[in-house]
Amino acid sequence: MQYYTVVGDSYDAAVNKAKEMYGSDVRIISRRDYTTRGGLFLKKETRCEIVCYLPPGTAAKKSSRKDLKEFEAEAKTPDPDTLTHAERLNTEVYREEEESESLKKARLLLQDNHITPPLSDKLLEDLPQDKDPSTVLPDRIVRLTPSDYAMQVHPRHFVVFLGPTGSGKTTTLAKAADLYAKAGKRTAIITLDTFRTGAYEQIRAFGDALSIPVLKAGDEGELLSATEQFSWKDIIFIDTMGVSPKDQELNLRLRSLLDVLDRDRTNFMLTLSASMKEEDAMEQLSSYQQYTPLSLAVTKLDETETIGNVLSFSYRTSIPIIFFTNGQKVPDDIRKASGEVILENLKSFGLDMKSYKSQIRR
Ligand SMILES: Nc1nc2c(ncn2[C@@H]2O[C@H](COP(=O)(O)OP(=O)(O)OP(=O)(O)O)[C@@H](O)[C@H]2O)c(=O)[nH]1
Ligand SMILES: [Mg+2]
């Protein structure tokens, strides 16, 4: 396979240039940000170098003669598989030298927190060279993490908890229902999980303890009647069964049940464990894509060291996190998502949380 190196003033500029030169099918395999050396009369400038290739079977864009020259000049990157060990080391050493200390530190901090592209790329964009990244990045992370305060404060009439088995849907739903009840909203719970033994009893026990009414609905008719009984409530929380994407029959059942709800009045909340890898979260999202999840509940913060994977997922999908949960206790172990919770869960930044919290704007 042929690899091409393209340099631009920024990542976007390099990608656009690559597309212009080689066609829109180009795939990017790596990027490197660096600052030109500068000199007596030369300003230091930031550059982004990307290495890309065309997947087999895609035709390279037809180049004009002028493009061809540029193409030849730029297409100097060897196939990494053909490099000797010494050549690879050489390349890496060269790259190490080019990267500034602060960029290196910033990359390590993001890696430590499992923050991945495209969020990590955005965070590193135009990073000031004269400032310690551990003071610049936390603020950027908070700002770039999608949020939806309107949805958090005034949820839609139906809030449906979706997510993989055991991710914490039922417990989080009970905690959230209590949170809004305490804030003065009239809340109720309907469970669609009538298949699993003990599922209704579990949510019913939470409802009884929190004084929130619970109904179960095993078919469309029962769901309709339950929503009518609770129509005077402000928020109706709907619990679902964890469904494997492979279980087509159960997926169809869930789909036809949820079709009863008025979509415009429904917020589908995807519940994911904080320790879930980003790729697995993407897979979960694609299996629930038909419902267009509008928000995330991130559970089990207490069981993980870092939250970068879920922040990266939220950024990549533009789905805001509404809740974090941090323990098994119902209803206590829940936090509304906020800059503060994000900051508390970043590691290696050496943050003095108290003074930092007082500085942030949200
Ligand atoms: N440590 C910890 N455990 C949690 C948290 N949230 C939920 N759990 C536990 O995770 C387990 C599964 O929680 P459930 O709420 O039953 O999960 P679910 O998604 O409803 O599971 P299914 O209905 O079987 O799909 C229970 O033991 C919960 O106590 C959390 O924030 N931290
Ligand atoms: Mg459940």
Side-chain angles (χ1 to χ4, degrees), residues 152 158-180 187-210 212 214-218 223 226 236-255 257-258 267-277 280-281 283-285 287-288 291 293 295-311 313-314 321-338 340-342 344-345:
Q152 198 176 51
F158 300 113
V159 181
V160 180
F161 278 69
L162 297 169
T165 313
S167 55
K169 295 179 293 298
T170 306
T171 30
T172 307
L173 176 147
K175 293 169 184 176
D178 179 70
L179 207 62
Y180 288 107
T187 61
I189 296 171
I190 300 174
T191 179
L192 307 184
D193 191 355
T194 53
F195 304 83
R196 215 167 34 92
T197 349
Y200 173 62
E201 288 67 24
Q202 182 197 15
I203 189 71
R204 184 66 206 265
F206 289 140
D208 286 350
L210 304 168
I212 297 172
V214 180
L215 287 175
K216 64 176 165 180
L223 179 55
I236 302 174
F237 291 90
I238 299 185
D239 195 14
T240 64
M241 51 284 190
V243 186
S244 148
K246 291 188 191 98
D247 191 338
Q248 289 197 351
E249 199 186 318
L250 202 53
N251 271 299
L252 273 176
R253 278 245 16 69
L254 183 61
R255 173 77 201 241
L257 276 164
L258 293 175
N267 170 11
F268 289 102
M269 177 147 349
L270 187 59
T271 310
L272 297 174
S273 155
S275 56
M276 186 175 251
K277 286 202 297 253
D280 297 337
E283 214 174 297
Q284 282 301 327
L285 176 64
S287 68
Y288 290 107
Y291 305 110
S295 51
L296 297 173
V298 173
T299 61
K300 311 190 186 185
L301 273 195
D302 53 310
E303 289 183 354
T304 182
E305 280 271 289
T306 54
I307 55 165
N309 47 345
V310 283
L311 299 185
F313 173 73
S314 169
I321 302 171
I322 303 286
F323 296 115
F324 284 106
T325 75
N326 54 350
Q328 291 185 294
K329 270 187 270 122
V330 178
D332 297 339
D333 294 337
I334 187 166
R335 309 271 309 267
K336 283 190 192 161
S338 65
E340 187 176 320
V341 182
I342 293 172
E344 280 171 17
N345 286 282

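Small disclaimer: the values here were computed from a predicted structure and weren't measured. When a ligand or atom number is given, it counts from 1 through the structure's own listing order.
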Please state whether the rings of F161 and F237 are parallel, tilted or perpendicular, taking 30° and 60° as the class boundaries.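 F161 and F237: tilted rings.
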Of the backbone atoms (N, CA, C, O) and the side-chain heavy atoms from C-beta on, which set of D239 has a member under 4.0 Å from an atom of ligand 1: side chain, backbone, both, or neither?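 It is neither; nothing of D239 touches ligand 1.
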Among T171, V298, T165, closest by any non-hydrogen atom to atom 15 (O) of ligand 1: T171
Hey, looking at atom 28 (C) of ligand 1, which of Q328, Q202, K300, R196 has the closest heavy atom?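 The nearest heavy atom belongs to Q328.
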Atom CD of Q248: over 12 foreign heavy atoms under 6.0 Å: no
Could you tell me, atom by atom, which parts of ligand 1 come under 4.0 Å of a heavy atom of [X]?
X	result
N326	31 (O)
E303	1 (N), 2 (C)
G242	25 (O)

With a 4.5 Å limit on heavy-atom distance, are the side chains of D333 and K175 in contact?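 The answer is yes; the side chains approach within 4.5 Å.
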Nearest non-hydrogen protein atom, [atom]:
atom	answer
atom 31 (O) of ligand 1	T325 OG1, 2.6 Å
atom 1 (N) of ligand 1	D302 OD2, 2.7 Å
atom 18 (P) of ligand 1	K169 N, 3.4 Å
atom 30 (C) of ligand 1	G327 O, 3.2 Å

Does even one non-hydrogen atom of G166 get within less than 4.0 Å of ligand 1? yes
Give a yes/no verdict on whether any heavy atom in D333 is under 4.0 Å from an atom of ligand 1. no
Could you pull out the closest heavy-atom pair between [X] and [Y], with the gap in Å?
X	Y	answer
L270	P293	CB-CB, 4.1 Å
F323	I321	O-CG2, 3.4 Å
Y288	P164	OH-N, 4.0 Å

Let me check your reading of the structure: within less than 2.8 Å of the Mg ion (ligand 2), is there an N/O/S atom from T170? yes
Between N267 and S295, is there a side-chain donor-acceptor contact under 3.5 Å, judged purely by atom types and distance? yes
Using distance alone, determine whether [X] and ligand 1 share an N or O pair under 3.5 Å.
X	answer
M241	no
T170	yes
G168	yes

What residue among T271, D239, T240 forms side chain to side chain donor-acceptor pair (under 3.5 Å) with T170?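 Going through T271, D239, T240 one by one, the side chain to side chain donor-acceptor pair (under 3.5 Å) with T170 is satisfied by D239 alone.
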Enter the distance from R335:CZ to I342:CD1 here, rounded to the nearest 0.5 Å.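 Between atom CZ of R335 and atom CD1 of I342 there are 11.0 Å.
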I'd like to know if D193 pairs up with R196 as an ion pair, taking the criterion as any Lys NZ or Arg NE/NH1/NH2 lying under 4.0 Å from an Asp or Glu carboxylate oxygen.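 Judged by the 4.0 Å cut-off on N to carboxylate O distance, D193 and R196 do form a salt bridge.
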